[in-house]
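All remarks here apply to the structure that follows.
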Number of protein chains: 2
Amino acid sequence: MQETQKQESMFAAIADVQRRKILNILKNGELSVAEIKAHFDFSGATLSHHLSILKNAELVRVRRQGQQRIYTLNLSVVEELLLIFNQLFNREKP
Amino acid sequence: MQETQKQESMFAAIADVQRRKILNILKNGELSVAEIKAHFDFSGATLSHHLSILKNAELVRVRRQGQQRIYTLNLSVVEELLLIFNQLFNREKP
DNA sequence: TAGATAATTAGATGATAATCTAAATAAAAT
DNA sequence: ATTTTATTTAGATTATCATCTAATTATCTA
């Protein structure tokens with residue numbers, strides 16, 4: 001299994017516990033940055049940084065809504081990640 | 001989903017591309033350190049470091065065989081990791 | 001027992017990453 | 001148009017991590 005840059009970025013994205021927490025929070029539906037921020041202690045700049053890593057890994061999507069940006073899980077890429085993950089251990093797609 | 005130290009160590013372990021490659025190599029069966037090393041360019045010390053991270057995350061097991069140490073995938077923990085991974089996205093066990 | 005081989009551990013270095021504050025951008029409200 | 005609110009970007013700092021060489025431990029063999 002030869003790794004792509006995209007796969008690399010996905011593994012890097014889920015390596016951080018805060019980013020995994022963000023993904024978890026987004027399971028329950030889309031949220032604005034401020035709503036996500038309510039779950040964390042760190043600064044808005046730090047959150048923005050984490051969101052950009054998740055976005056580059058295509059694990060989340062953003063859209064504007066007025067001043068806010070609404071983040072959602074990118075379910076198709078999550079599927080893809082699960083596939084890669086299962087391949088890592090040579091198992092079938094769930 | 002509240003993360004344990006163990007889960008943290010597993011995600012950290014698979015965050016590195018070289019360690020994922022080691023796991024892949026071990027899918028084909030157990031190998032000595034020298035045999036694993038044949039697949040890589042970095043030093044033995046570096047490999048030893050990566051193996052110790054995989055071992056602490058319990059993704060691999062080691063046993064002695066004379067001077068050699070034989071590494072194997074720890075399949076039950078791999079199963080567990082897959083479960084955690086699916087839970088991260090709220091899906092069923094494959 | 002001495003020397004060779006296999007692997008790990010110690011300690012150092014350079015690169016990367018998480019975080020912060022301050023500044024910038026963009027939209028909304030007054 | 002100015003101010004306020006939401007978010008991102010820039011730049012700096014600190015911590016963590018991958019890697020190296022050298023030293024150590026443990027086993028095997030001559």
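Here is the naming used below: chain letters follow the sequence lines, and residue numbers restart at 1 for every chain.
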B:Val60 and B:Leu23, any side-chain heavy atoms less than 4.5 Å apart: yes

Atom pair distance, as rounded to whole Å: NZ in B:Lys21 and C1' in D:dA18: 15 Å

Matching residue for A:His50 among A:Lys21, A:Arg19, A:Lys55 - test: side-chain hydrogen bond (donor to acceptor under 3.5 Å, both in side chains): A:Arg19

So which protein nitrogen or oxygen atoms get under 3.5 Å of nucleotides 18-21 of chain C's nitrogens or oxygens?
from	atom 1	to	atom 2	distance (Å)
C:dA18	OP1	A:Arg19	NH1	3.4
C:dA18	OP1	A:Arg19	NH2	3.0
C:dA18	OP2	A:Arg19	NH1	3.4
C:dT19	OP2	A:His50	NE2	2.4
C:dC20	OP2	A:Ser43	N	2.8
C:dC20	OP2	A:Ser43	OG	3.1
C:dC20	OP2	A:Thr46	OG1	2.8

Pairs under 3.5 angstrom only: tabulate donor-acceptor contacts from the side chains of residues 34-44 of chain B to other protein residues two or more places apart or in another chain.
from	atom 1	to	atom 2	distance (Å)
B:Glu35	OE1	B:Ser32	N	2.8
B:Glu35	OE1	B:Ser32	OG	3.3
B:Lys37	NZ	B:Phe42	O	3.4
B:His39	ND1	B:Glu35	O	3.2
B:His39	ND1	B:Ile36	O	3.4
B:Ser43	OG	B:Ala45	N	3.4
B:Ser43	OG	B:Thr46	N	3.1
B:Ser43	OG	B:Thr46	OG1	3.1

I need the minimum non-hydrogen distance between B:Leu26 and B:Thr72, along with the two atoms involved. CD1-C, 4.4 Å

Closest non-hydrogen atoms of B:Leu47 and B:Val33, given as atom of the first, atom of the second and distance, are CD2-O, 3.6 Å

For A:Lys55 and D:dT7, what is the distance between atoms NZ and P respectively, to the nearest whole Å? 14 Å

Please tabulate, one pair per line, each protein N/O and nucleotide N/O from nucleotides 25-27 of chain D that are separated by under 3.5 Å, including the distance.
from	atom 1	to	atom 2	distance (Å)
D:dA26	O3'	B:Arg64	NH2	3.4
D:dT27	O2	B:Gln67	NE2	3.1

Within the structure shown, what part of the strands sits under 4.0 Å from A:Ser52 by heavy-atom distance: base, sugar-phosphate, or nothing? nothing

When the distance from CG of B:Leu31 to C1' of C:dA7 is rounded to whole Å, what number comes out? 15 Å

Is the backbone of A:Ala15 close enough, under 3.5 Å, to the side chain of A:Arg20 for a donor and an acceptor to pair up by distance? yes

I need the CZ-P distance between B:Arg20 and D:dA18, as an integer number of Å. 11 Å

A:Arg63 CZ to C:dA27 C1', straight-line distance once rounded to whole Å: 16 Å

A:Asn56 side, atom CG; A:Gln5 side, atom CD - distance, nearest 0.5 Å: 10.5 Å

Whole-Å gap separating P (D:dA18) and CD1 (B:Ile22): 11 Å

Exercise: identify the closest heavy-atom pair between B:Ala57 and B:Ala13: CB-CB, 3.8 Å

How far apart are the closest heavy atoms of A:Glu58 and A:Asn74, and which atoms are they? O-ND2, 3.1 Å

Can you check whether A:Tyr71 has a side-chain N or O nearer than 4.0 Å to OP1 or OP2 of D:dA6? no

